[in-house]
2 protein chains.
Amino acid sequence: MPSDMPPERPTERLPDRRAGILQLVIQDYIETATPVASRHVVEKYALPASPATIRHEMHALEEQGYLTHPHTSAGRIPSNRGYRHFVQSLMGHAELGMAEQASVRHQFFQAAPAVDEWVELAANVLARSLGLLVIVAPPHPERLRVRQLELIALNELLVLMIVVVQEARMIRQLMPLPQPVEVDELADLAAKLSGDLRGRSARDVRQAAQHSTDAPQHTVEAVVLETLAQVLERDAQRAGIPAIAGLGGMMAQPEFQHEPERSLELIELVDQHAAQDLIPAAVIDDFTMGGAMHVLIGDDHPTELLQECSLVLAPYGSSIPDPAAPEIPGYVGIIGPTRMNYPRSIAAARFYSQLLQEMIDAVYGVNR
Amino acid sequence: MPSDMPPERPTERLPDRRAGILQLVIQDYIETATPVASRHVVEKYALPASPATIRHEMHALEEQGYLTHPHTSAGRIPSNRGYRHFVQSLMGHAELGMAEQASVRHQFFQAAPAVDEWVELAANVLARSLGLLVIVAPPHPERLRVRQLELIALNELLVLMIVVVQEARMIRQLMPLPQPVEVDELADLAAKLSGDLRGRSARDVRQAAQHSTDAPQHTVEAVVLETLAQVLERDAQRAGIPAIAGLGGMMAQPEFQHEPERSLELIELVDQHAAQDLIPAAVIDDFTMGGAMHVLIGDDHPTELLQECSLVLAPYGSSIPDPAAPEIPGYVGIIGPTRMNYPRSIAAARFYSQLLQEMIDAVYGVNR
DNA sequence: GTTAGCACTCTCAGTGGGAGAGTGCTAACT
DNA sequence: AGTTAGCACTCTCCCACTGAGAGTGCTAAC
């Protein structure tokens, strides 16, 4: 019932004791996943006050919107607002332990020096260590521009198109032809297009296709241009495909134990690699503008299914940006129940994103 | 209770009517996932007999081990034996519809011409069309042999190792050194090892490392050899990593609705890409020996979790084998509840495995 | 060999009650 | 004014119970 909630006044200042109790309640709930009772918190943390007093404070915290309880005779649960306050003001700054940092670094040096490998590795290791869903995306070029085009006839009606792009990638694409073509003719076409299209992106190619081709649709040239444009778009997309791991740990979290439908929805999103539903586009856009780490709590999230989850997101990318080849930053994303361990998750997201950035700079930065 | 089951006599011949009833029961159960009652089958299929008669036959089928029922007053369910008989003798031969075949072919031609892409695509499309778990593995070389070795110093203590192998792949590996090394020294080492190790596999490299190096452990050469061996093994593994898709559809199957623990186990296997637990090693070995399509039903499966599932497996590989470079075949695997649609699954596994083989031969066969 | 009839068994959904857990409130205490 | 004990009240959770419904197995007649 969000309408009952008092408006959030970010300047509002909690008395020290009340803030302390809020912190204890949140920490305890993060740890135990059960509503925390006044008596429980007094005994566990040996507070110098009686349950009744704590109850009083909890009541006040509830009126201010930091806590709720699921039903009359249950303990308190943090509200989204409570979590937000915890993250912003209460929890302090944490780092991963040195031993863990060293062990993770070691694993990265064991891996093959390719961004895709690192991304995969980061997702797996992080998911295992947190027991949450982890999504790691590589930084990738915003658009690809043609450097060279080759057309190799496999037989009369089947051509292998090879596109070398300026962003240091090579794309191969199998392409059926609308009509048989001579080998020479094909080579000429490739040479011509290679010259015409150097430095052009998918959009340019589309425009060229519409303008230059007189005979519409089915000429060989039209088919080649259309395929080329498609391929450029697709490969720019593909370069940014994120790794997702940790579904097992996530589904083992108590909040999913008794909610088969919600579980199933989430499984389907992951099964379909639907990163666009898991990570809000607005945040990615913000990263591209130079934004920093994000923490989205509860109903901040646009995907309904994830409105009872939180998302910790840390961007990274090559630290030596090339203005001629704009890049969409990569990110380390951690999705968990709103009850997730924020200090640890935030520290981990920060550490892994920095590590990925270091790795990229160390290995790819050298070649520049 | 497998001990109560009569021994399987494969020569046993079912009377026609009884076999027909078995077929109807199995088809109906595959369709509805609810135990099928005598009355139900009579009405639905307009049988020229009364429920009591059918009941009589069902009773006989149960005594022969083809059917069971979950409790006294429930309808009949096929036993594993029943499914096996259905697959072997009752169900006949099915093919995918022409429209579906064409649509799938089209999607494959749209994709980039790389085995990894096809494998990924096959898993996704097939999973979506069946609503089951699909695992597709590419064929891959049994072992990799060194063709050439390069060592590129990134800084004094960090080297990028590049291995070109005879199986037409390139491997890159970042490698920290135990002690600073001059650039020239490194080049000499690379040249020497390149000569010594040409044509050698991971095992050979390991042996070379043990014999040749006098100073144990920490010489640069020892580190390089050890890393090289690791890298060869790892990359041979990685080349065969299968694509897995369809977890969502699988978890939506009714048999998983009320079994959260079993669901969770399966989710974890998939989350960890544990193909070795999903596909029995014995079957893969058999493929390597030239085996054909397999159907494993129920407790045929070595992984306990999957003993209430069935597995349809179709191998494929380049049809032009090269004896100098032995290859582990790829496969199309379909995992579902024992209640899965066998005719369709088997037809699909056959079609996709043949298609993958065609694709590989068409694009890679040309270069030979 | 087939069928109708009927008793029997088992599941499933819904109900009710008792135990337990925690709160909210009030009145007394410091 | 803040803190505390005491107590009534509420809600969940678990368990046992029940009746309806579904299907079978058996028997006796066709």
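For clarity, every value in this text was computed on a predicted model and none was experimentally measured. Atom set for the values below is all heavy atoms of this structure, side chains included, hydrogens, waters and symmetry mates excluded. So you know, we letter chains A, B, ... as the sequences are listed, proteins then strands, and number each from 1.
For dT3(C), the OP1/OP2 oxygens have a side-chain nitrogen or oxygen of Thr53(B) closer than 4.0 Å. Of the side-chain N and O atoms in Arg76(B), none sit less than 4.0 angstrom from OP1 or OP2 of dA22(D). Residue Ser50(B) places at least one side-chain N or O closer than 4.0 Å to OP1 or OP2 of dT3(C). Between dT10(D) and Thr72(A), no contact under 4.0 Å exists linking OP1 or OP2 to a side-chain N or O. Between dA5(D) and Arg39(A), no contact under 4.0 Å exists linking OP1 or OP2 to a side-chain N or O. Within the 4.0 Å cut-off from OP1 or OP2 of dT24(D), at least one side-chain nitrogen or oxygen of Ser38(B) is found.
Taking 4.5 Å as the limit, some side-chain heavy atom of Met58(B) sits within range of a side-chain heavy atom of Val36(B).
Residue-level contact check: His40(A) touches neither bases nor backbone, having no heavy atom under 4.0 Å from any strand. Among the protein residues, His59(A) comes within range of the sugar-phosphate backbone only, with heavy atoms under 4.0 Å from sugar or phosphate atoms but none that close to a base.
Taking atom CZ of residue Arg55(B) and atom C1' of nucleotide dT9(C), one finds them 14 Å apart after rounding to whole Å. Rounded to whole Å, atom P of dG2(D) lies 8 Å from atom NE2 of His56(A). For the pair Glu62(B) CD and dC26(D) P, the interatomic distance rounds to 11 Å; values are reported in whole Å.
Evaluated for a ring pair (Phe, Tyr, Trp, His ring centres under 6.0 Å) with Tyr83(A), the options Tyr29(A), Tyr342(A), Tyr66(A) yield exactly one hit, Tyr342(A).
Taking a cutoff of 4.0 Å between a charged side-chain nitrogen and a carboxylate oxygen, Glu100(B) and Arg344(B) qualify as a salt bridge.
Under the 3.5 Å distance criterion, with hydrogens and angles disregarded, a donor-acceptor pair is assigned to the side chains of Gln253(B) and Arg339(B).
Heavy-atom nearest nucleotides on DNA chain C were determined for Ile54(B) and for Pro70(B), and the one closer to the 5' end corresponds to Ile54(B).
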